[in-house]
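Bear in mind the structure is a predicted one, so any value in this text is a computation, not a measurement. Atoms within a ligand are numbered from 1 in the order they appear, just like the ligands themselves.
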Amino acid sequence: DTTGIPHRPGRLPVIGDLIGANPRTPLQDTLRIGERLGPIFTRKIFGFEIVFVGGVDLVTELNDEKKFGKHVGMGVENLRAVAGDGLFTAHTHEPNWRLAHDILQPAFSAEAMRRYHPVMLEVAHELTSAWDAADGPVDVAADMTRLTLETIGRAGFGYRFGSFERAEPHPFVTAMIRALRYAQLQNVKLPFVRRAFAGTPEQNRADIATMTDLVDEVIEAREGSENLLDLMLTEGHPATGERLDPVNIRNQAITFVVAGHETTSGALSFALYYLTRHPELLAKARAEVDAVWGDREPAFSDVAKLRYVRRCLDEAMRLWPTAPGYSREASEDVVLGGKYRMRKGDWVIVPLPLVHRDPSAWPDPERFDPDRFEPAAAKKRPAQAYKPFGTGERACIGRQFALHEAVLALGMVLQRYDFEVDPAYELKIVESLTLKPSGFTLRPRVRDRAA
Ligand code: HEM
């Protein structure tokens, strides 16, 4: 029941709030609207009305696992055409969710991170080799995507996409981006708009085939090392011994390649954007790298020592959480905030950039300030004010993987380069499933001390 929930003025019969809605920037539109309308509001396009909740107090209630759980709907439901019952797109009640979650959990333990470190280091060196050789500005998001795709490919599946040797993306990536866009845009109600932006069903079928064929090839070529794929193929459930079936393994492989790289790439790109816009903060982050790592190549245990570099990433993901939201569904009848009646099964979207800008938890929210994540400052905030990795049992399984990889890579580029910025660049954000800065370039120059 959405009575009493604010919406934009001027809602029209039939089309609702359609005017001004841009299919390329749904999240940024929602952010602008939410900043005016407050902690809860609706947007309606044709007959379809969605409730958004961006206020920390209400989100704290929504994150209560006893009353709410993950809702697989909207964009996520559409993605099942690509990733089936893989971890991200599975319903919590599907047996394969728990089975895969329990089998894969050990692949994300601290012990497992230690195993991935050499691969992450190898890929970070490929990035610095590419930047050493660059004789002009580099596209930061494109190169960070090369880094994160190679990392998940090798650490997860023993597969090399060869991203740094290619000028154009690997065919898997082209197919993946198109298939994700196709899935997302199935929510657009006007067929001609949908077709114009999303492409044809035939193209979509070909794209999905490109992805599944590659995954099958990788499974075929497996050599048996300690990676995600190996775990899925050889391990049973720790309690029951039950194994994952081949179709589910394929769904998980696609899920991990998709979920395991775009988000981390965006986080690294936004962090570099903000640091190069704030030279005094960059100097502070680099001073930490110099003090802790010196000229050395970082060992596994050196990575977590970069506390300030980590805070820079945390703050970048506050302003632009690269997985920009999640949905919550009531598991019983509830009255949200003592005011909004929700029946069992009703759901809302939590747009994270709004939660992360709620002024009750984040004073001067637009300011980039990594010190917000100093332990003393963080302790003063409500626990649910910062959720870039989602919430509850369906939160991100790859969080430690992403953070180790990102702190390592950011530390290494700060250790090695000075950056020349393009002073005319203004932050522009592209939305796909994730957020990334678009057209953001830097000119890296090897520092005197690192040369
Ligand atoms: C789930 C964010 C990196 C694998 C999620 C969710 C968020 C998120 C918000 C919950 C989505 C929901 O509730 O609907 C991020 C961010 C990352 C990142 C911001 C990087 C900065 C990774 C990496 C991997 C990964 C590196 C794999 C190696 C997954 C999987 C799920 C998930 C499999 C679904 C978990 C489940 O429902 O059981 N992630 N993620 N993510 N993420 Fe991540």
For the pair Glu165 and Arg160, evaluate salt bridge (Lys or Arg N to Asp or Glu O under 4.0 Å) and give the outcome as yes or no after the intermediate values. CA-CA 11 Å; Glu165 290 99 69; Arg160 290 168 181 265; over 6 Å; no
Could you name all protein N, O or S atoms found under 2.8 Å from atom 43 (Fe) of ligand 1? Cys396 SG
Do me a favour and list the nearest non-hydrogen protein atom to atom 2 (C) of ligand 1 with residue, atom name and distance? Pro388 O, 3.5 Å
Rounded distance [0.5 Å steps], OG1 in Thr210 versus CZ in Arg178: 7.5 Å
Between Tyr326 and ligand 1, does any nitrogen or oxygen pair lie at a separation below 3.5 Å? no
Ligand-side contact atoms (ligand 1) for residue partner Ile152, heavy atom cut-off under 4.0 Å: 28 (C)
Heavy atom of the protein closest to atom 38 (O) of ligand 1 (residue, atom name, distance): Trp97 NE1, 2.8 Å
What atoms in ligand 1 come closer than 4.0 Å to a heavy atom of Thr264? 3 (C), 20 (C), 21 (C), 26 (C)
Check: Trp97/Asp85 side-chain N/O donor and acceptor closer than 3.5 Å: no
So is Val76 polar-close to ligand 1, meaning N/O to N/O under 3.5 Å? no
Tell me which one of Ile208, Leu214, Leu79, Thr212 satisfies side chain to side chain contact (heavy atoms under 4.5 Å, CB included) with Ile254. Thr212
Passing option when Glu315 is tested against Arg310, Arg372, Arg367 for salt bridge (charged side-chain N to carboxylate O under 4.0 Å, His left out): Arg372
Would you check, one step at a time, whether the test side chain to side chain contact (heavy atoms under 4.5 Å, CB included) holds for Tyr326 with Lys387? CA-CA 10 Å; Tyr326 53 81; Lys387 288 273 142 179; 4.0 Å; yes
Paired with Phe41, the side chain to side chain contact (heavy atoms under 4.5 Å, CB included) test is passed by just one of Ile50, Val53, Thr30, namely Thr30
Identity and distance of the protein heavy atom lying nearest atom 35 (C) of ligand 1: Ala395 O, 3.7 Å
Contact between His7 and Lys44 at the side-chain level, heavy atoms closer than 4.5 Å - yes or no? no
In the protein, what heavy atom is nearest to atom 14 (O) of ligand 1, and what distance, to one decimal place, separates them? Lys70 NZ, 2.8 Å
Ionic contact status for Arg154 with Glu150, cut-off 4.0 Å: yes
Any carboxylate oxygen within less than 4.0 angstrom of a Lys/Arg side-chain nitrogen, looking at Lys436 and Glu262? yes
To the nearest 0.1 Å, how far is atom 10 (C) of ligand 1 from its closest protein heavy atom, and which atom is that? Arg394 O, 3.7 Å
